[in-house]
Amino acid sequence: MSRKKHIRPLSRGYESYGLVYLLWLAVFFLIPVIVILTYSFFERDYQGGVIFKFSLQGYKDILNPNYVAVFLRTIFISLVSSVVSIILAIPVAYYIAFSRWKNILLLLVIVPFWTNSLIRIYAWIFILGNNGLVNQFLIKMGFTESYVQFIYNNFAVVLVLVYTYLPFAILPLYSAIERLEKNIFVAAMDLGCTKRQVFFRVLLPNIRQGIISAFVFVFIPAIGTYAVPELVGGKNSRLIGNEIARLLTTARNWPAAAAISSVLLAITIIAVIVFMFGGEKREAR
């Protein structure tokens, strides 16, 4: 009896904590999303804001071929950044997982988060700019007579996105690899597998959930990024986040901006569901 009396207050404490968390989500996530979704069905006020009258003009505006091209570019760059991040993160995560210095190496992975993201982006401008370190090195070594355009293009956007979100790929992959016994790789080699076969037939299938998590953690922030394409991308490298900002500040078209945000949210949710449930089905098999 006394044991039950001690359990009940504890469970009530967890319930109250859960209610606080749900309230937090409702106030800072659910309500803003509902407001954005609602604004997408109102008419545009040309002085800024919206007219509270039902209209689908916001969604009609974003059917413009220019917006469709920006959507496709955003998805393409986000996919490329996610795949490149995972390719780079797998060997790094593997090395960290089986290293005796794993705590120090994990700290080094997290260190970039201690620096403001804008400072890190401007550092890349200093490195890749027309008068940056890379171009100065190439000119002085005689590899080229004039500067090479490393910046203000899709290449620079992908490069900086990979640099920015690579830790988001390393950490879940490290967590997945660390749970594996290194003996399974030795056993596979003893059974005649080559290193390539061990990688594709042993390592990758066993860290599938880590790969899916890494993809989601990189893809979601990359698809909605604003600062990176704004600072290192050119006119033809603008992503959907930049278009939302332009519609809100310059064009004063709040319904169109809300419509784009709603479509972007739908794409993100669909991508997460496909990869998460797809991963669970493959695990069940």
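Since the model is a prediction, treat every value here as computed from it, not as a measurement. The chain is numbered in sequence order, starting from 1.
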Review point. So, do L30 and L25 sit near enough that their side-chain heavy atoms are less than 4.5 Å apart?
Key: no

**Study point:** Point-to-point distance, once rounded to the nearest 0.5 Å, from CE of M189 to OG1 of T194
**Key:** 7.5 Å

Expected list for residues 62-71: side-chain donor-acceptor pairs under 3.5 angstrom, two or more places apart:
| unit_1 | atom_1 | unit_2 | atom_2 | d |
| --- | --- | --- | --- | --- |
| N64 | OD1 | N66 | N | 2.8 |
| N64 | OD1 | N66 | ND2 | 3.4 |
| Y67 | OH | R246 | NH2 | 2.9 |

Revision key, fill the gap. The single option from T144, N131, V134, V148 that satisfies side chain to side chain contact (heavy atoms under 4.5 Å, CB included) with I139 is T144

Exercise for review: For residues L166 and V109, determine if any side-chain heavy atom of one lies less than 4.5 Å from a side-chain heavy atom of the other.
Suggested key: no

Review point. Do you know which two heavy atoms are closest between P229 and S237, and how far apart they sit?
Key: CB-O, 3.7 Å

**Study point:** Sequence neighbours excluded, every pair satisfying ring pair (Phe, Tyr, Trp, His ring centres under 6.0 Å) that has a member inside residues 78-114
**Key:** Y94-F98, Y94-F185, F113-F168

Review point. Same hydrophobic cluster for V35 and W24, using side-chain heavy-atom links shorter than 4.5 Å among ILVMFWY?
Key: no

Point to revise | Joint hydrophobic cluster, L72 plus I244, side-chain heavy atoms closer than 4.5 Å | key: no

Check your understanding: Between K53 and E43, is there a donor-acceptor pair closer than 3.5 Å when you use the side chain of the first and the backbone of the second?
Key -> no

Check your understanding: When the ring planes of F54 and F41 are compared, do they come out parallel, tilted or perpendicular, using 30° and 60° as the limits?
Key -> parallel

Practice item. State the CD-CG distance between E243 and L264, to the nearest 0.5 angstrom. Key: 12.5 Å

Review point. Taking the side chain as C-beta and beyond, is there a heavy-atom pair between R201 and R196 under 4.5 Å?
Key: no

Practice item. Could you check if a side-chain atom of S262 sits within less than 4.5 angstrom of a side-chain atom of S40, using non-hydrogen atoms only? Key: yes

Study note, to complete from the structure: On a heavy-atom basis, the closest approach of P172 and S213 is CB-CB, 4.0 Å

Practice item. Would you sort out whether Y165 and T225 count as a side-chain contact (heavy atoms from CB on, under 4.5 Å), showing the intermediate values? Key: CA-CA 11 Å; Y165 299 123; T225 188; 3.9 Å; yes

Review point. Is there a donor-acceptor pair closer than 3.5 Å between any side-chain N or O of R44 and the backbone N or O of G58?
Key: no

Review point. Has Y147 got more than 12 heavy atoms of other residues, nucleotides or ligands less than 6.0 Å from its OH?
Key: no

Point to revise | Crowding at OH, Y46 (>12 non-hydrogen neighbours, <6.0 Å) | key: no

Review point. Of the non-hydrogen atoms in P255 and G49, which two are nearest, and what is the gap between them?
Key: CD-O, 4.3 Å

Review point. Could you give all pairs that pass the ring pair (Phe, Tyr, Trp, His ring centres under 6.0 Å) test and reach residues 205-229, with sequence neighbours left out?
Key: F215-F219, F215-F275

Practice item. Measure the shortest side-chain to side-chain distance between P167 and I110 over non-hydrogen atoms and say whether it is less than 4.5 angstrom. Key: no

Check your understanding: Which value, rounded to the nearest 0.5 Å, describes the distance between I96 atom CD1 and I104 atom CD1?
Key -> 11.5 Å

Check your understanding: What heavy-atom pair brings S78 and I223 nearest, and what distance separates the two atoms?
Key -> OG-CA, 3.1 Å

Review point. Would a distance-only check, ignoring hydrogens and angles, find a side-chain to backbone donor-acceptor pair under 3.5 Å from T164 to V160?
Key: yes

Review point. Is the backbone N or O of V202 less than 3.5 Å from a side-chain atom of N206, with the two atoms forming a donor-acceptor pair by type?
Key: yes

Review point. For the atom pair CG (L203) and CD1 (I184), what is the distance rounded to the nearest 0.5 Å?
Key: 8.0 Å

**Study point:** For L128, the option from V232, N135, L159 that meets side chain to side chain contact (heavy atoms under 4.5 Å, CB included)
**Key:** L159

Exercise for review: Could you walk me through whether R73 and L239 pass the side-chain contact (heavy atoms from CB on, under 4.5 Å) test, one step at a time?
Suggested key: CA-CA 7 Å; R73 185 191 305 132; L239 302 187; 4.2 Å; yes

Review point. Roughly how far, to the nearest 0.5 Å, is the CG atom of L231 from the CG atom of L118?
Key: 6.5 Å

Exercise for review: Step by step, work out the side-chain contact (heavy atoms from CB on, under 4.5 Å) result for I170 and L88.
Suggested key: CA-CA 8 Å; I170 293 174; L88 295 176; over 6 Å; no

Review point. Linking I/L/V/M/F/W/Y whenever any side-chain heavy atoms sit under 4.5 Å apart, do V83 and L161 land together?
Key: no

Check your understanding: Nearest 0.5 Å, what's the CD1-OG distance between I36 and S261?
Key -> 5.5 Å

**Study point:** Close side-chain approach of L204 to I207, heavy-atom, < 4.5 Å
**Key:** yes

Review point. Going by heavy atoms in the side chains, are N153 and N236 under 4.5 Å from each other?
Key: no

**Study point:** Criterion side-chain contact (heavy atoms from CB on, under 4.5 Å) on I86 and V218, from CA distance to verdict
**Key:** CA-CA 9 Å; I86 291 172; V218 176; 5.8 Å; no

Practice item. Mark yes or no for whether S81, through its side chain, and I77, through its backbone, hold a donor-acceptor pair below 3.5 Å. Key: yes

Check your understanding: More than 12 foreign heavy atoms under 6.0 Å from CZ of R120: is that the case here?
Key -> yes

Point to revise | Atom CG of N116: over 12 foreign heavy atoms under 6.0 Å | key: yes

Review point. Below 4.5 Å, heavy atoms only, C-beta onward: do F42 and I51 meet side chain to side chain?
Key: no

Exercise for review: Say whether I34 and Y59 are linked into one hydrophobic cluster, either directly or through other cluster members, by side-chain heavy-atom distances under 4.5 angstrom.
Suggested key: no

Revision key, fill the gap. Taking every heavy atom of K102 against every heavy atom of E178, the minimum-distance pair comes out as NZ-OE2, 3.3 Å

Exercise for review: Using modelled atom types only, decide if a donor and an acceptor are shared between the side chain of Q149 and the backbone of I151 within a distance under 3.5 Å.
Suggested key: yes

Check your understanding: Are V33 and I273 linked, directly or through other ILVMFWY residues, by side chains that come within less than 4.5 angstrom of each other?
Key -> yes

